[in-house]
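Have a look at the structure below, then the notes.
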4 protein chains.
Amino acid sequence: MTSTTSAGQERKAPGRPRSAQADEAILDAVLALMAEGQSAAAVSIESVAAKAGVGKATIYRRWPNKEALLIDAVRCMKGPLPALGGVSAREDLIALVTANRSNRAREYGIVTACLLPELQRDPELNRMHQAVMEPRRERMREILRRGVETGEFRADLDIHLTVLMLSGPSMMLGMFGDATGVPEQDFPEKLVDALLRGASA
Amino acid sequence: MTSTTSAGQERKAPGRPRSAQADEAILDAVLALMAEGQSAAAVSIESVAAKAGVGKATIYRRWPNKEALLIDAVRCMKGPLPALGGVSAREDLIALVTANRSNRAREYGIVTACLLPELQRDPELNRMHQAVMEPRRERMREILRRGVETGEFRADLDIHLTVLMLSGPSMMLGMFGDATGVPEQDFPEKLVDALLRGASA
Amino acid sequence: MTSTTSAGQERKAPGRPRSAQADEAILDAVLALMAEGQSAAAVSIESVAAKAGVGKATIYRRWPNKEALLIDAVRCMKGPLPALGGVSAREDLIALVTANRSNRAREYGIVTACLLPELQRDPELNRMHQAVMEPRRERMREILRRGVETGEFRADLDIHLTVLMLSGPSMMLGMFGDATGVPEQDFPEKLVDALLRGASA
Amino acid sequence: MTSTTSAGQERKAPGRPRSAQADEAILDAVLALMAEGQSAAAVSIESVAAKAGVGKATIYRRWPNKEALLIDAVRCMKGPLPALGGVSAREDLIALVTANRSNRAREYGIVTACLLPELQRDPELNRMHQAVMEPRRERMREILRRGVETGEFRADLDIHLTVLMLSGPSMMLGMFGDATGVPEQDFPEKLVDALLRGASA
DNA sequence: GTTTAAACGAGACGGTACGTCAAGTCTTTAT
DNA sequence: ATAAAGACTTGACGTACCGTCTCGTTTAAAC
């Protein structure tokens, strides 16, 4: 949400508070349209407002533009960060990759894609997007660092590159699906194992 | 290009032939707008027509819609497939990854991203996009298969998954750039080596 | 004012009494906006509320809608009905025409104009408007009738038509100003004299 | 109409010419909405476009904003300037007043009223409005001047004031109708005669 | 050399969505 | 109970593109 939740002492704002119902209805409408429409282009602010039974102004009061709304919708798709209680770094990695490509991986990929061009230009938008992505990347880095410490991973591992090697294939599979020739079945496990094992003979 | 170059006897069409100059001017205009505008959303058919000094109908005579035009523009960004004369499969892989992320990798990523939602719906568009992507993927598979045969790569290598592990990180780096924490410097070599070496200790 | 100041026993209302300051501030804000903005369209309820330092609801508690508020503002512009102590009906007419086109004739014309379309539809609004206009028209009729009685005006004078011939030009001058080619200087006197004298040779 | 009908040699504009059908449909729609809606506020660009079966852009291509469109609609309401073949200036005046308050006098008054606030601010709009009004005023002045020359009117007649005294009451009657107490029946004749005759005994 | 058919630049067409603004209503907290 | 603040739905505003459709003008092959 973009609402100005002031950090500090939370002084109660005057006037009628924003309807939490509306918040929910709007995001629900976005997800519903995304699911039925197949195309992020089909998710127009007007149709979201109509589907949510809400005025356009109610949307623009909360988000500065369409892209910001989509970013928040994306956050809703992502599952919560999984706990790390795994017995090994390998298992933790598999769990995290699995969580990242939750039930809505396809929609997530599509919307993210649509957002990308705007992210380049609007720094504020970019910041919002990073706020969704970065915690997951950081979690992945933690796992990798711990794996290095415990000796499970090689000592000279390039952490950032490895994060890219775990999230890049996952995203691409989400975007192109079957065209890649890779089945979704057991993908996280296979990916992590291939990465660990290496390709050389 | 989508032009109806009939396979058969190539009967010369009557009337004025299409201007090759226009073809070029249009694609040039797309690339120029992409470069200056930073955003695929800023590339409108109207602005392309204006920049190319061409009527809108001249564009729609060649491409069925905006997306098809963007796909052709994407093809222009990609360099030609590199020769495979490398002394090792490793070097060939590096060369191919390098070629794929040509001078315009950023723009390529952005445009591809914008196209994705439409690719899901329009099979014809999807076909056009595959025509650009598939040869490169196939080339990569060839290299991998040869590496397996020569014993450079392990015998049980999952070819499709490995293609994804080479192209996914590359695309993600193109899309998110510095936010990934990975420098563009020597990226292809580092990626291939990390993949070969594996992450386990 | 439309406020429900019950005629009868003036029972002291419970709760917080209405602020008389607010009444005044609101009408002042309307007049101020009218003066600075040049346009009745620029006088929005929102800007009135902001300028008056008042909530919108405070306005709507007093007037049923924007038009009603404007009508009340119009009343404020009009000067009070002048006394009729003139030595002749001619002088009384001049005094009345002068009073009608007070210092704010221009604003008055504009606002009246904006109100007109709504007056047709809303009978209540129309009644309110008549309550402002009718006393002045009636006063004019009185003068005319007295002039007929005293022999100052011709016996067959059409009272209603003459009222129209005195107020119509005045209103039009207020609306179109210099475009009419008639100077504001001494207008009431000239109008009344031209009306008395007649145009035929 | 706002179209750039260049005065001189009428160089043919490139591109598809504007549809005369659309011109007509749009103005017809405005008049129809005005007639049925009773209120100029009910004439929105969107409803005009819908009623005319036309895109909004087609309207905005011809008129810069809503007000300019209404002004052109006003012109359509006014009948053509009548010929002046009358045997006397009095008859010519009656004919002209009659023509000015054509079949749509009520709508004309309402729309003009709605336009007034904007006329003050936008000089271009004002120019367009004058282009509709001025020819009629000038025609009236011609009649008055001729009447003075022929001795039908008094030599010291104030032409501009007299124009105001003929058009002002007419406009006011159009705006307020029955509330003025003056019947529409034979109004032009009665007005002109009252003006000629004068009010003094 | 005509004819002729298609391509050309230009720009109007009916639409859809954008992001803004105001009207009039409703809901909160403070007085 | 009223006040100020501000959220709410509704709907018009004017703009920008989309993809299609005339216009009148080239251009090159076919006659």
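We use all heavy atoms of the structure for the numbers below, so side chains are in, but hydrogens, waters and symmetry mates are not. Letters A, B, ... are given to chains in the order of the sequence lines, protein chains preceding strands, and every chain is numbered from 1.
- Between D/D23 and D/R18 there is no salt bridge, since no side-chain nitrogen of the basic residue lies less than 4.0 Å from a carboxylate oxygen of the acidic one.
- In this structure the side chain of A/I71 never reaches within 4.5 angstrom of the side chain of A/W63, judged on heavy atoms.
- D/R18 has its CZ atom 17 Å from the P atom of E/dA10, to the nearest Å.
- Nearer to the 5' terminus of DNA chain E, by closest-nucleotide assignment, is the contact made by D/G55 (compared with the other of D/G55 and C/S44).
- Taking for each of B/A20 and D/A22 the nucleotide of DNA chain E with the nearest heavy atom, the 5'-most of the two is the partner of B/A20.
- The distance between atom OH of A/Y60 and atom P of E/dA22, rounded to the nearest whole Å, is 17 Å.
- Among the protein residues, D/A57 comes within range of the nucleic acid bases, having at least one heavy atom under 4.0 Å from a base atom.
- Checking side-chain atoms of A/N126 against main-chain N and O of A/H129 turns up no donor-acceptor pair under 3.5 Å.
- Of the side-chain N and O atoms in B/K66, none sit less than 4.0 angstrom from OP1 or OP2 of F/dC17.
- In this structure, the CD atom of D/Q21 is 12 Å from the P atom of F/dT22, given to the nearest Å.
- Between B/T58 and E/dA7, a side-chain N or O to OP1/OP2 separation shorter than 4.0 Å is absent.
- When rounded to the nearest whole Å, the span between CD of A/E46 and C1' of F/dT9 equals 14 Å.
- Between B/S19 and E/dA7, a side-chain N or O to OP1/OP2 separation shorter than 4.0 Å is absent.
- Here the P atom of nucleotide F/dA4 and the CG atom of C/D23 are 11 Å apart, to the nearest Å.
- When each of C/V30, C/L33, C/V43 is tested with C/K51 by the rule side-chain contact (heavy atoms from CB on, under 4.5 Å), just one qualifies, namely C/L33.
- A donor-acceptor contact under 3.5 Å links the side chain of B/K56 to the base of F/dG19.
- Remark: C1' of E/dG24 and CG of C/D122 are 14 Å apart, rounded to the nearest angstrom.
- In this structure, D/I59 atom CD1 and F/dG14 atom P are separated by 11 Å, rounded to whole Å.
- One atom, CG of A/L69, and another, P of E/dA17, lie 15 Å apart when rounded to the nearest Å.
- Under 3.5 Å, the side chain of B/R16 and the base of E/dC8 form no donor-acceptor pair of N or O atoms.
- The nearest heavy atom of DNA chain F to D/N65 and to B/R61 marks one nucleotide each, and the one closer to the 5' end goes with D/N65.
- Residues A/E24 and A/L27 are not in side-chain contact: their nearest non-hydrogen atoms beyond the backbone lie 4.5 Å or more apart.
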